[in-house]
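Predicted model only: the values in this text are computed from it and were never measured.
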Amino acid sequence: MASTAAATGWYRGRVKAVPSGDCLVIVALASSKPGPLPEKTITFSSLMAPRLARRGGVDEPFAWQSRDYLRKLCIGKIREQGQQKGEVSPYLTELLRLQEQAIQDNLGLWNKGAAEASIRNLPPSAVGDPSNLDAMGLLAANKGKPMEGVVEQVRDASTVRVYLLPEFQFVQVFVAGIQAPQMGRRAARESVVEPEVAADVTNGDVPEEPRAPLTSAQKLAVSTFTETTADPFAPEAKFFTETRVLNRDVRIVLEGVDKFSNLIGSVYYPDGESAKDLALELVENGFARYVEWSANMMEEEAKRKLKTAELQAKKSRLRIWTNYVPPPTNSKAIHDQNFTGKVVEVVSGDCIIVADDSIPFGIPLAERRVNLSSIRCPKLGNPRKDEKPAPYAREAKEFLRTRLIGRQVSVQMEYSRKVGPAADGSAVPSGAAEARSMDFGSVFLPSHVKAEGGDAPSSVPPAGSHQNGVNVAELVVACGLGTVIQHRDFEERSNFYDALLAAEARAIAGRKFMHSRKDYQIMHINDLTTASAKKAKDFLPYLHRSRKTAAVVEYVLSGHRFKLLIPKKTCSIAFSFSGVRCPGRGEPYSDEAIALMRRKIMQRDVEIEVETVDRTGTFLGSLWESKTNVAITLLEAGLAKLQTSFGGDRIPDFHLLEKAELSAKRQKLKIWENFVEGEVVPNAATVENKQQEVLKVMVTEVVGGGRFYVQSVGDQKIAAIQKQLSFLNLQEAPLIGAFNPKKGDTVLCHFLADNSWYRAMIVNGPRGPVETPKDKFEVFYIDYGNQEQVTYSQLRPLDPSVSAAPGLAQLCSLAYIKVPNLEEDFGQEAAEYMSELTLSDGKEFRAKVEDRDTSGGKVKGQGFGTILAVTLVAADSEISVNAAMLQEGLARLEKRNKRDRKERQQAMDNLEVFQGEARTSRRGMWQYGDIRSDDEDIAPPARKAGGRK
């Protein structure tokens with residue numbers, strides 16, 4: 001403006017604000033300096049307009065009309081201001097003439113009769129005192145309706161103070177869906193700010209005029225405000241809002257009220273013949289960010305526009321996003337993990353488990369969980385948390401089950417994402433549950449498989465595929481049983497995302513399932529697995545009415561025990577083979593029996609014939625899949641035994657069962673590997689009793705199922721080994737080909753969490769020679785008990801200078817109690833609670849050895865050698881960890897035996913009190929009442945003469 005003034009004697013600028021009828025705030029049209037443009041407040045010479053009321057005061061007559069006339073005439077317009085060289089305006093003569101004319105015409109303030117009517121009736125201001133406004137009442141009366149207003153002040157870019165017309169209610173409105181940079185705080189002058197504007201000062205606002213002095217208490221309150229600088233781009237953002245809405249007519253649409261009675265609303269200002277959304281303008285220009293909490297009050301379309309605008313501003317690195325760096329994603333591409341296999345389980349409408357053809361049967365990693373990329377199906381809920389299935393959740397799961405279970409599919413893995421604690425890669429405290437990794441991919445059925453029901457797309461492979469077949473995710477979405485995820489711009493997604501969107505559009509147009517306007521009919525399933533044994537026995541006659549009953553295997557609980565759904569009766573039951581038993585969980589070949597049953601009958605349509613129900617509520621009988629007695633399969637594989645303690649005349653196909661067991665014995669398969677004809681085979685898990693001893697230990701790892709690793713406190717071997725490792729130079733990576741670790745080898749492994757080296761045993765690795773430094777190995781840290789997957793580059797040969805002594809981590813279990821394994825109900829909760837009790841740095845325990853299991857054996861996450869059954873007591877605790885687990889309902893007592901030694905009986909009597917407390921309070925596994933016992937070997941009652949009924 002200075003150069004223009006020097007040349008012409010006039011300043012040129014745009015009217016930014018009109019404080020009164022004789023005053024304008026004019027801002028420069030351009031500036032050579034960064035930041036907001038310079039501005040000047042100009043008071044008209046030789047004129048004096050009526051004064052507007054201070055807060056709580058009264059207008060002079062025609063004050064509002066004077067300001068409003070000038071506001072509408074000048075706001076936003078370009079004006080020129082002459083240089084004032086004296087106190088008298090050069091236009092004074094003309095001004096006097098015009099005033100005389102107004103007096104003669106009885107206009108405005110010269111109309112004495114209209115003076116009283118021109119004074120506004122101002123209600124108490126809500127700014128600074130929310131009690132002067134019924135925010136909820138105002139919202140209820142005007143929700144979604146445009147309200148006319150005039151913006152009097154811009155506190156910051158996303159907060160405006162407005163007169164709502166025609167009542168002149170003065171309110172503060174936070175712009176919905178966004179947050180602009182804050183103006184900061186600065187020290188307040190003690191004697192010039194009235195109480196109701198103290199909040200203005202804290203936000204960088206300067207009061208227009210001096211107000212009444214503060215009281216001593218108010219001075220103290222104001223003086224406690226700390227001075228802070230404005231956020232980056234805050235002044236520019238505020239200026240942006242001021243030039244668009246300050247002293248302008250606007251429309252306010254109230255969206256909601258927060259818990260502090262602050263009004264949240266959308267602000268629209270005129271722009272020619274149309275109106276613009278202030279929130280959208282701020283976000284598009286990089287002056288504000290999208291915030292979810294207030295955006296949830298808005299319409300979905302408005303939310304979508306704000307999200308899209310923010311994404312574009314981030315991409316363009318506009319203003320507040322100048323230094324924006326996309327957050328480190330917790331997902332990774334896994335395109336090289338494509339495989340084929342058979343579907344063994346449908347977890348939900350968007351998650352399946354596939355048995356990888358390339359991994360030999362019996363290895364746990366043979367089954368891979370695959371989440372369908374870029375789609376989401378209704379959640380099945382969690383019965384333990386009393387969460388009901390969402391509408392169409394069961395239908396989505398059943399849709400996949402009928403089409404995929406037992407089918408050969410090809411899987412194209414696309415990305416992996418971590419969910420849960422520390423998913424962003426931050427450190428996880430010792431003992432805390434770690435983030436869970438979810439693998440996403442596209443699953444394809446062979447192209448000759450036709451879509452059933454006419455609701456799915458054709459079997460033509462998606463565009464761009466390489467002979468993939470029918471995309472399962474596309475089937476689900478096209479049938480209206482799933483929706484497509486709206487990914488953020490930086491997120492990985494399905495390679496067939498466009499095809500999924502097209503399928504969803506077809507489902508919406510056809511109003512399929514989730515997109516239907518029909519009321520959802522809830523299907524109730526009577527779950528007898530959680531009911532009392534009496535209720536199960538009452539249901540037995542219904543299963544006896546027909547010789548065979550159709551069922552679906554919902555879950556494989558053990559090699560011989562299952563959870564079945566009986567669709568015709570809309571109920572679930574626990575079912576076990578009559579006279580056939582597999583090894584119990586934790587015993588040799590237990591996992592192989594479970595794996596075989598999962599491959600053979602998991603979620604398959606089967607037929608059952610029920611004989612009776614035992615005292616735990618488990619139904620006993622025979623089960624056929626594709627007309628084959630499944631118990632024969634187990635016996636032939638050497639993974640089960642016949643129980644001959646009662647007669648087999650009531651069991652169908654009993655002669656075939658005997659023949660299958662005899663065949664396995666002769667071939668010495670699995671559990672019969674040490675079988676000698678005529679010799680009684682002792683229990684594999686023989687327990688050797690030793691004199692009791694008490695150890696002073698520290699827990700290093702909890703592996704679930706009540707098992708954990710300890711180190712002896714004061715053992716010098718740990719320190720000696722770590723000292724030996726500290727002297728080694730292990731920086732140079734091994735040469736591929738010269739070092740080929742294999743299963744069972746002891747090596748040195750780099751533990752990335754603390755950047756240290758430890759002794760470890762190879763648990764699993766590549767099936768062939770090492771090819772790249774990134775080849776994966778599963779290792780077990782023999783001195784600490786934890787297990788993890790590492791790369792080849794983290795391994796080194798065991799240096800001769802390092803002690804070759806056996807691992808120093810001792811595997812223990814909690815004596816006298818049964819803790820569920822991780823994959824069982826409450827297994828995860830039990831492990832987490834036990835970790836809380838035991839995994840504290842330096843926490844010491846007394847471990848009283850009650851028994852020793854010398855059977856050995858290798859289980860994932862466990863080492864070789866003797867397992868100590870102990871009573872574990874912390875130095876600062878009054879009860880044992882064993883008792884605490886029972887007290888929380890996260891474990892139960894072992895079965896009693898009349899031949900138990902006196903010490904065992906005494907210990908279990910003491911623990912019974914804690915289990916009783918959990919049962920009475922319905923804690924943990926007792927929440928639904930008494931749980932079934934694990935005594936599954938009880939013979940059914942003898943049948944009366946006369947044969948089968």
Side-chain angles (χ1 to χ4, degrees), residues 1-2 4-5 8 10-31 33 35-45 47 49 52 63-82 146-166 168 170 172-173 175 178 180 183 205-206 208 233-253 265-288 319:
M1 295 199 302
T4 303
T8 65
W10 293 83
Y11 291 106
R12 286 177 58 82
R14 190 180 302 276
V15 177
K16 171 185 169 185
V18 182
S20 65
D22 56 9
C23 182
L24 298 176
V25 177
I26 299 180
V27 64
L29 298 178
S31 174
K33 297 181 180 180
L37 296 172
E39 59 186 50
K40 278 192 174 186
T41 301
I42 305 299
T43 302
F44 296 158
S45 61
L47 287 182
L52 289 165
W64 174 260
Q65 291 81 353
S66 173
R67 201 288 290 267
D68 209 40
Y69 176 84
L70 186 62
R71 179 181 69 85
K72 293 178 180 178
L73 179 67
C74 297
I75 194 72
K77 305 289 180 63
I78 295 177
R79 298 285 170 178
E80 294 185 351
Q81 175 215 350
M147 304 173 66
E148 301 298 326
V150 177
V151 176
E152 289 295 300
Q153 185 184 6
V154 175
R155 198 189 75 165
D156 56 56
S158 56
T159 311
V160 295
R161 290 166 178 173
V162 184
Y163 273 126
L164 296 179
L165 303 179
F168 289 101
F170 192 52
Q172 180 167 274
V173 178
V175 181
I178 67 168
M183 290 297 296
D205 299 330
V206 180
E208 293 178 3
F233 294 99
E236 293 89 340
K238 180 181 179 183
F239 182 78
F240 182 90
T241 296
E242 286 176 333
T243 57
R244 283 155 179 78
V245 302
L246 183 59
N247 291 162
R248 311 275 183 124
D249 294 311
V250 296
R251 285 187 294 116
I252 305 292
V253 178
S266 298
V267 179
Y268 300 91
Y269 65 91
D271 182 54
E273 297 298 321
S274 61
K276 286 194 173 182
D277 182 351
L278 177 61
L280 188 59
E281 289 288 301
L282 285 166
V283 174
E284 284 180 339
N285 286 276
F287 283 124
R319 298 183 176 89

field: Derivation and outcome, salt bridge (Lys or Arg N to Asp or Glu O under 4.0 Å), residues Glu148 and Arg251
entry: CA-CA 5 Å; Glu148 301 298 326; Arg251 285 187 294 116; 5.1 Å; no
message: If I compare all heavy atoms of Ala180 with all of Ala157, which pair ends up nearest, and what's the gap?
response: CB-CB, 3.5 Å
query: What's the shortest heavy-atom distance between Val250 and Tyr269, and which atoms?
result: CG1-CB, 4.2 Å
Taking side chain as C-beta onward, heavy atoms only, is [X] less than 4.5 Å from [Y]?
X: Glu281; Y: Phe287; answer: no
X: Val267; Y: Asp277; answer: no
X: Pro146; Y: Ile252; answer: no
X: Val151; Y: Asn247; answer: no
X: Val27; Y: Val25; answer: no
X: Arg14; Y: Leu29; answer: yes
X: Thr241; Y: Val160; answer: yes
X: Val173; Y: Thr159; answer: no

Once you round to the nearest 0.5 Å, how far does [atom1] of [X] lie from [atom2] of [Y]?
X: Ser20; Y: Leu52; atom1: OG; atom2: CG; value: 7.0 Å
X: Cys74; Y: Ile42; atom1: SG; atom2: CD1; value: 12.5 Å
X: Gln153; Y: Gln172; atom1: CD; atom2: CD; value: 8.0 Å
X: Leu246; Y: Arg161; atom1: CG; atom2: CZ; value: 12.5 Å
X: Ile178; Y: Leu282; atom1: CD1; atom2: CG; value: 4.5 Å

task: Let me see the working for Tyr268 and Leu278 under side-chain contact (heavy atoms from CB on, under 4.5 Å), right down to the final yes or no.
output: CA-CA 6 Å; Tyr268 300 91; Leu278 177 61; over 6 Å; no
Does a side-chain N-to-carboxylate-O contact under 4.0 Å join [X] and [Y]?
X: Arg248; Y: Glu242; result: no
X: Arg319; Y: Glu236; result: no
X: Lys238; Y: Asp156; result: no
X: Asp249; Y: Lys72; result: no

- request: State whether a side-chain donor-acceptor pair under 3.5 Å links Asp68 with Ser66.
  value: no
- request: Say whether, by atom type as modelled, one donor and one acceptor occur between the side chain of Asp22 and the main chain of Thr43 under 3.5 angstrom.
  value: no
- request: For side-chain contact (heavy atoms from CB on, under 4.5 Å), just list the numbers for Thr41 and Cys23, CA-CA rounded to whole Å, side-chain angles, deciding distance to a tenth of an Å, and then say yes or no.
  value: CA-CA 7 Å; Thr41 301; Cys23 182; 3.4 Å; yes
query: What orientation do Phe168 and Tyr163 show, parallel under 30°, tilted 30 to 60°, or perpendicular over 60°?
result: perpendicular
field: Tyr69 six-ring centre to Arg71 NZ/CZ under 6.0 Å and within 45° of normal
entry: no
field: Derivation of the side-chain contact (heavy atoms from CB on, under 4.5 Å) call for Val150 and Leu165
entry: CA-CA 8 Å; Val150 177; Leu165 303 179; 3.9 Å; yes
- request: Show your working on side-chain contact (heavy atoms from CB on, under 4.5 Å) between Leu70 and Leu24 and close with a plain yes or no.
  value: CA-CA 9 Å; Leu70 186 62; Leu24 298 176; 3.8 Å; yes
